[in-house]
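First the structure, in the form of structure tokens, and then the observations on it.
What you see is a predicted model, and the numbers here were worked out from it, not measured in a lab.
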Amino acid sequence: LEEGDAQRALELAATIDEPSTFLCVLRATALLELGDVEGALAACDAADALGGGDDLDVLWTRAEVALALWQIDHAG
């Protein structure tokens, strides 16, 4: 993802079977970069389901998704 290839990041993440909040954040960020805001929101929800609701990376990514959805009140 740091190399600027969101699609490649998603492809690599798909090869990892063990769910984690890190992968959910990676997926959410990549999907957001690709314009799939609903998919990014679903990835944030998956991170929450894994117990990452208080994780700073999850919170930051969820705020980015909220901004993409123009939900300003939920972004802050």
task = Decide whether Leu32 and Leu69 are clustered together by the hydrophobic rule: side chain heavy atoms of Ile, Leu, Val, Met, Phe, Trp, Tyr closer than 4.5 Å, transitively.
result = yes
task = Measure the shortest side-chain to side-chain distance between Cys24 and Val58 over non-hydrogen atoms and say whether it is less than 4.5 angstrom.
result = no
note = Closest non-hydrogen atoms of Glu18 and Leu23, given as atom of the first, atom of the second and distance, are O-CD1, 3.4 Å
ask   = What distance separates Thr29 OG1 from Trp60 CH2, expressed to the nearest 0.5 Å?
value = 11.0 Å
query = Is Glu38 close to Leu31 at the side-chain level, that is, under 4.5 Å between some pair of heavy atoms?
reply = no
task = Just grab all the side-chain hydrogen bond (donor to acceptor under 3.5 Å, both in side chains) pairs involving residues 47-57, residues at least two apart or on different chains.
result = Asp48-Arg62
key: Residues which pass salt bridge (Lys or Arg N to Asp or Glu O under 4.0 Å) with Glu11, listed by chain and number, not counting sequence neighbours   = Arg8
message = Tell me the closest heavy-atom pair linking Ala13 and Leu26, and the distance in Å.
response = CB-CD2, 3.7 Å
query = So which residues get pulled into Leu59's cluster when ILVMFWY side chains under 4.5 Å apart are joined, directly or through others?
reply = Leu56
query = How long is the span from the SG atom in Cys44 to the CD atom in Glu64, to the nearest 0.5 Å?
reply = 9.0 Å
task = Specify the closest pair of heavy atoms between Glu33 and Ala6, including all atoms of both residues, with the distance to one decimal.
result = OE1-CB, 3.8 Å
note = Between Thr61 and Ala28 the two heavy atoms that sit nearest each other are CG2-CB, 3.5 Å
